[in-house]
Peer 1: 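Quick one: structure below, then a few questions.
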Amino acid sequence: MNNLEQTLSIIKPDAVERNLDKEIKEIFKYKGFNIVKEKKIQVTKAEAEQFYKVHETKPFYNDLCVYLSSGPIVVMILEKDNAVLENREVMGATNPKDAKDGTIRKKFGISIDKNSVHGSDSVDNAKKEIEFFFKD
Ligand code: UDP
Ligand code: MG
């Protein structure tokens, strides 16, 4: 059964800074994702705080928002059957140390905070996150 979904992916500042955005996009395409929309932007700290609001009570929240707003990022809408889960698999575990071989975070992640990519964690959140970055 087909289950076409869209999910939001972000190539985070540590990866864009190292010019890895092209290579990461190639991985998504090779894995069968269609990049429906993409843009390179820099968010303000306030925008990062809004985006990561679910984490506002976490001890890492402030550093996370400072970091996401620290440099250019590439935000993308990825489309594929079961895109939300598939993207999480291609990304790998939050901590690159725990990520499986062949995943983006294993390959490029520097640390738990500089882990190169973001991906929506549910279909519901994917809709909200896509709306957040691509309103029109
Ligand atoms: N994060 C962090 N320290 C932690 C946990 C998470 O800096 O102890 C950062 C990390 O960049 C992660 C983001 O916060 O990607 C969001 O955390 P989440 O648990 O949602 O992980 P993800 O969904 O990105 O795998
Ligand atoms: Mg998450």
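As the structure lists them, so they are numbered: ligands from 1, and atoms in each ligand from 1.
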Peer 1: Using heavy-atom distances only, which candidate in Asn115, Asp121, Leu68 approaches atom 15 (O) of ligand 1 most closely?
Peer 2: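 The residue whose heavy atom sits nearest atom 15 (O) of ligand 1 is Asn115.
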Peer 1: What protein heavy atom is closest to atom 25 (O) of ligand 1, reported as residue, atom name and distance in Å?
Peer 2: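 Nearest neighbour among protein heavy atoms for atom 25 (O) of ligand 1, to 0.1 Å: Thr94 OG1, 2.6 Å.
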Peer 1: Kindly determine whether Lys107 and Glu23 satisfy salt bridge (charged side-chain N to carboxylate O under 4.0 Å, His left out), including the steps that lead there.
Peer 2: CA-CA 11 Å; Lys107 202 165 177 202; Glu23 200 171 336; 3.7 Å; yes
Peer 1: Between the side chains of Glu49 and Lys45, is the shortest nitrogen-to-carboxylate-oxygen separation below 4.0 Å, so that they form an ion pair?
Peer 2: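 Yes, charged N to carboxylate O under 4.0 Å.
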Peer 1: Just wondering, do Arg18 and Ile110 contact through their side chains at under 4.5 Å, heavy atoms?
Peer 2: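 Touching, per the 4.5 Å side-chain cut-off.
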Peer 1: With only distance considered, is His55 within less than 3.5 Å of ligand 1 through an N or O on each side?
Peer 2: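 Right, the criterion is met.
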Peer 1: Tell me, which protein residue and heavy-atom name are nearest atom 5 (C) of ligand 1, and how many Å apart are they?
Peer 2: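 Answer for atom 5 (C) of ligand 1: Phe60 CE2, 3.4 Å.
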Peer 1: Quick one: nearest non-hydrogen protein atom to atom 10 (C) of ligand 1, plus distance?
Peer 2: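 Answer, as residue, atom name and distance: Ile112 O, 3.2 Å.
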Peer 1: Applying a 4.0 Å heavy-atom criterion (strictly less than), which segment of Leu64 is in contact with ligand 1: side chain, backbone, both, or neither?
Peer 2: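 Leu64 to ligand 1: side-chain contact only, backbone stays beyond 4.0 Å.
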Peer 1: For the pair Asp21 and Lys25, find out whether any cationic side-chain nitrogen is under 4.0 Å from an anionic carboxylate oxygen.
Peer 2: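 Lys25 and Asp21: not salt-bridged.
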Peer 1: What about His118: any of its N or O atoms under 3.5 Å from an N or O on ligand 1?
Peer 2: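 Not met; the criterion fails.
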Peer 1: Which heavy-atom pair separates Ala15 from Ser116 by the least distance, and what is that distance?
Peer 2: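 Here Ala15 and Ser116 meet closest at CB-O, 3.8 Å.
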Peer 1: Ignoring hydrogens, just give me the one of Lys58, Arg105, Lys12, Arg88 whose non-hydrogen atom is nearest atom 24 (O) of ligand 1.
Peer 2: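 The option holding the nearest heavy atom is Arg105.
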Peer 1: Under 4.0 Å between a Lys/Arg side-chain N and an Asp/Glu carboxylate O for Lys128 and Glu131?
Peer 2: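 So Lys128 does not pair with Glu131 through a salt bridge.
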Peer 1: With heavy atoms of Asp113 as the reference, note each atom of ligand 1 found under 4.0 Å away.
Peer 2: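 In order of number, 7 (O), 11 (O).
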Peer 1: Any luck finding a side-chain donor-acceptor pair between Asp124 and Ser122 under 3.5 Å?
Peer 2: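 The answer is no; no qualifying pair exists.
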